[in-house]
Amino acid sequence: MASLAPPAFAATDLNGEAISLDKLKGKVVLLDFWATWCGPCRAELPFVKAAYQKFHDQGFEIIGLSFDQSAA
């Protein structure tokens, strides 16, 4: 059976800290690709936040990857 795992990657969070999937092994991770200019992405945000609040204590994490061109 083929692996469904995403390729390894590293990025920097808004605080300048390194993040990677390797640091989250053993957890369920949602990779959330979004942008401020994407209406459907913004419409889903309350549901994403609710899922995080409900399941975070059980090992659920979210990595949000923005397609915006600037941090502003």
Side-chain angles (χ1 to χ4, degrees):
M1 175 182 261
S3 173
L4 297 177
F9 76 93
T12 305
D13 69 13
L14 294 175
N15 297 318
E17 300 292 323
I19 58 171
S20 70
L21 289 177
D22 288 341
K23 292 182 179 180
L24 299 172
K25 283 195 181 212
K27 296 186 178 219
V28 174
V29 180
L30 169 65
L31 297 176
D32 184 27
F33 296 88
W34 67 283
T36 56
W37 45 262
C38 173
C41 300
R42 291 191 350 245
E44 285 296 314
L45 191 55
F47 303 105
V48 172
K49 289 169 110 178
Y52 180 82
Q53 290 172 350
K54 183 174 182 178
F55 298 110
H56 178 69
D57 291 341
Q58 298 174 45
F60 178 64
E61 296 290 345
I62 299 171
I63 296 177
L65 301 157
S66 173
F67 283 103
D68 290 336
Q69 297 299 311
S70 73

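Because the structure is a prediction, the values reported are computed rather than measured.
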Other ILVMFWY residues reachable from F47 by side-chain steps of under 4.5 Å: none

Quick one: list whatever passes ring pair (Phe, Tyr, Trp, His ring centres under 6.0 Å) with F55, sequence neighbours left out. none

Same cluster (ILVMFWY, side-chain, under 4.5 Å), I19 and L65: yes

What residue pairs, at least two apart or across chains, pass side-chain hydrogen bond (donor to acceptor under 3.5 Å, both in side chains) with a residue in residues 11-21? none

Do any N or O atoms from the side chain of K23 and from the backbone of A18 form a donor-acceptor pair under 3.5 angstrom? yes

Taking the six-membered ring for Trp, are F60 and H56 closer than 6.0 Å centroid to centroid?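 F60 vs H56: aromatic centres not under 6.0 Å.
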
Check: residues 26-45 side-chain donor-acceptor pairs under 3.5 Å, at least two apart:
from: K27; atom 1: NZ; to: E61; atom 2: OE2; distance (Å): 3.4
from: T36; atom 1: OG1; to: D68; atom 2: OD1; distance (Å): 3.1
from: T36; atom 1: OG1; to: D68; atom 2: OD2; distance (Å): 3.1
from: R42; atom 1: NH1; to: T36; atom 2: O; distance (Å): 2.7

